[in-house]
Amino acid sequence: MRKFSFKTIFFVSAIMLGFASISCSAGTESKGTEQSTKTYSNVSVDDLNKVVKAGEDVIILDVRTPSEVSEGYVKDAQNLNINGTTFKQQAETLDKSKTVYVYCRSGHRSQIASKTLIEMGFSDVRNVEGGFLAWAGKGYQIVK
């Protein structure tokens, strides 16, 4: 009787497990249980600054509170407070086919807002990493 080493058994097991996982995922796809892979992308404040300077036809969404916005905001930004009770209602009035740049104070709330916008059917949502603090830190134009 032939003896197999641990390495051989491990290698064969790994290959079999790989084939099993491929066949399981292929089966899922053929059953039509496709999940949405839409997601937002992360961009830098430098990217947003280029868009602002070029005057591109995009939506710039500031999701901070009104009191935060009163301290300054990015040119042409619209304020929809992510913590407000009417965020989704207000967002529904926006053009879902346009590119949307989303920022908050530091980047956390804008991630939540970006995910929400994608779930609402917006096609191109871009979360501005670092938010308004990063924007101001770079010395970019602030409207007051």
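Positions are given from 1, in the same order as the sequence printed here.
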By salt bridge (Lys or Arg N to Asp or Glu O under 4.0 Å), which residues pair with [X], not counting sequence neighbours?
| X | value |
| --- | --- |
| Glu71 | none |
| Asp46 | Lys138 |
| Lys88 | none |

task: Could you walk me through whether Leu117 and Val100 pass side-chain contact (heavy atoms from CB on, under 4.5 Å), step by step?
output: CA-CA 9 Å; Leu117 293 171; Val100 182; 4.1 Å; yes
task: Any side-chain hydrogen bond (donor to acceptor under 3.5 Å, both in side chains) involving residues 49-58? Give me the pairs, sequence neighbours left out, ordered by first then second residue.
output: Asp57-Lys98
- prompt: If you look only at pairs with a residue in residues 107-116, which of them pass as a side-chain hydrogen bond (donor to acceptor under 3.5 Å, both in side chains), with sequence neighbours excluded?
  reply: Glu68-Arg109, Ser110-Asn127
- request: Output the rest of the hydrophobic cluster of Tyr103: all Ile, Leu, Val, Met, Phe, Trp and Tyr residues reachable through side-chain heavy-atom contacts under 4.5 Å, sorted by chain and number.
  value: Val43, Val45, Leu48, Val51, Val52, Val58, Ile60, Val69, Tyr73, Val74, Tyr101, Val128, Phe132, Trp135, Tyr140, Ile142, Val143
About how many Å separate [atom2] of [Y] and [atom1] of [X], when rounded to the nearest 0.5 Å?
| X | Y | atom1 | atom2 | answer |
| --- | --- | --- | --- | --- |
| Cys104 | Asn81 | SG | CG | 11.0 Å |
| Lys38 | Glu119 | NZ | CD | 12.0 Å |
| Asp62 | Arg105 | CG | CZ | 12.5 Å |

message: Less than 4.5 Å apart, side chain to side chain, heavy atoms only: is that true for Tyr40 and Asn42?
response: yes
field: Side chain proximity check, Leu94 to Leu61, heavy atoms < 4.5 angstrom
entry: yes
What is the minimum heavy-atom distance between [X] and [Y], and which atoms define it?
| X | Y | value |
| --- | --- | --- |
| Thr99 | Asp124 | OG1-OD2, 2.8 Å |
| Gly72 | Lys144 | CA-CG, 4.0 Å |
| Met120 | Lys96 | O-NZ, 2.7 Å |

Derivation of the side-chain contact (heavy atoms from CB on, under 4.5 Å) call for Glu129 and Ser44: CA-CA 5 Å; Glu129 294 182 306; Ser44 70; 5.6 Å; no
